[in-house]
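Worksheet: one structure, shown below.
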Amino acid sequence: MVEDSLVSIKAYYNGFSDNEKKIASYVVKHAAIIQELTISDLAKKCQTSTASISRFVKHIGYLNYREFLMEMPKSTYGDVFSEIEEDDSDTQITEKTFNGAINALKATKKMLDKNKVKQAAKFLQHTNKLSFFLGWEVHQLSHWMDSINLFERV
């Protein structure tokens, strides 16, 4: 699914090396034309090697560049995480907020390693005390604050 490809890239972004971030940024910004590029073309546009492109697509869950291309859009229908604009209606803010959350959950599900989830569940079953810590990045906090704004306007 096209959205899953772009969501995966955004979901993995903070764990990317600097070189992978450069590739990811180019791919997200130019998603509409990626299918037209060979691996060599993309490497040149990103000022990196074809091996780096190959490692990048494997890092986000594809077997090879060809499989990655099959998942990319021929034309783009906007960003997966739509920015909330000042003049958005309450309905638009609600849609953007929910769609962003749904896409993030889909990407998270796609990335889950079932064996590690089972291992974590077994560990939690034998734990007496559990603490949660939230690590928010500025853009995540911004989206959350925009969502809160919806409820203040109602």
Side-chain angles (χ1 to χ4, degrees), residues 1-89 91-121 123 132-150:
M1 183 178 219
V2 170
E3 282 190 356
D4 287 346
S5 302
L6 297 175
V7 171
S8 293
I9 291 170
K10 290 182 177 191
Y12 280 113
Y13 191 84
N14 290 331
F16 288 156
S17 67
D18 289 342
N19 197 36
E20 288 174 321
K21 285 181 180 179
K22 185 168 43 171
I23 298 165
S25 295
Y26 185 88
V27 168
V28 169
K29 187 173 182 179
H30 300 94
I33 64 160
I34 293 299
Q35 281 192 333
E36 300 169 14
L37 302 177
T38 66
I39 193 169
S40 298
D41 293 338
L42 182 58
K44 286 177 188 171
K45 300 251 185 218
C46 297
Q47 299 175 339
T48 192
S49 67
T50 56
S52 292
I53 302 294
S54 182
R55 283 190 298 273
F56 170 77
V57 299
K58 287 179 182 175
H59 188 169
I60 60 172
Y62 297 98
L63 295 174
N64 53 44
Y65 185 69
R66 182 176 298 202
E67 182 184 41
F68 170 71
L69 284 182
M70 291 172 53
E71 294 290 323
M72 291 304 297
K74 290 184 180 174
S75 63
T76 186
Y77 300 100
D79 196 4
V80 176
F81 294 108
S82 300
E83 292 295 322
I84 295 174
E85 304 292 335
E86 182 103 13
D87 60 343
D88 282 349
S89 70
T91 302
Q92 289 171 313
I93 293 172
T94 302
E95 284 297 313
K96 289 178 179 182
T97 301
F98 278 90
N99 288 338
I102 290 166
N103 290 333
L105 288 169
K106 285 180 181 178
T108 301
K109 181 181 177 187
K110 183 179 177 184
M111 292 184 289
L112 286 177
D113 179 335
K114 290 179 183 179
N115 292 326
K116 289 188 179 189
V117 171
K118 285 180 184 178
Q119 183 182 9
F123 175 78
F132 289 93
F133 300 90
L134 295 175
W136 289 69
E137 293 186 17
V138 173
H139 71 278
Q140 292 171 318
L141 184 58
S142 173
H143 281 286
W144 180 74
M145 293 299 288
D146 286 340
S147 300
I148 295 300
N149 183 38
L150 165 68

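What's counted below: heavy atoms across the whole structure, side chains too, no hydrogens, waters or symmetry copies.
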Other residues, nucleotides and ligands only: do more than 12 of their heavy atoms fall within 6.0 Å of CD on Glu67? yes
Is atom NZ of Lys21 surrounded by more than 12 heavy atoms (other residues, nucleotides or ligands) closer than 6.0 Å? yes
Could you pull out the closest heavy-atom pair between [X] and [Y], with the gap in Å?
X     : Y     : result
Glu20 : His59 : OE2-ND1, 2.9 Å
Lys10 : Val28 : CE-CG1, 3.7 Å
Ser52 : Arg55 : OG-NH2, 3.1 Å
Ala24 : Ile9  : CB-CG2, 3.5 Å

Hey, could you give me the [atom1]/[atom2] distance between [X] and [Y], rounded to the nearest 0.5 Å?
X      : Y      : atom1 : atom2 : answer
Ile53  : Ile23  : CD1   : CD1   : 3.5 Å
Asp113 : Lys118 : CG    : NZ    : 10.5 Å
Arg66  : Ile39  : CZ    : CD1   : 11.0 Å
Thr38  : Leu69  : OG1   : CG    : 9.0 Å

What I want to check is whether the side chains of Ser25 and Tyr13 have a donor and an acceptor closer together than 3.5 Å. yes
Quick one: does Ile34's side chain get under 4.5 Å of Phe68's, heavy atoms only? yes
pair Leu37-Tyr26: side-chain heavy atoms closer than 4.5 Å: yes
Quick one: do Asn64 and Val57 satisfy side chain to side chain contact (heavy atoms under 4.5 Å, CB included)? Show the steps, please. CA-CA 6 Å; Asn64 53 44; Val57 299; 5.6 Å; no
Mind running side chain to side chain contact (heavy atoms under 4.5 Å, CB included) on Tyr65 and Leu42 for me, showing each step along the way? CA-CA 10 Å; Tyr65 185 69; Leu42 182 58; 3.7 Å; yes
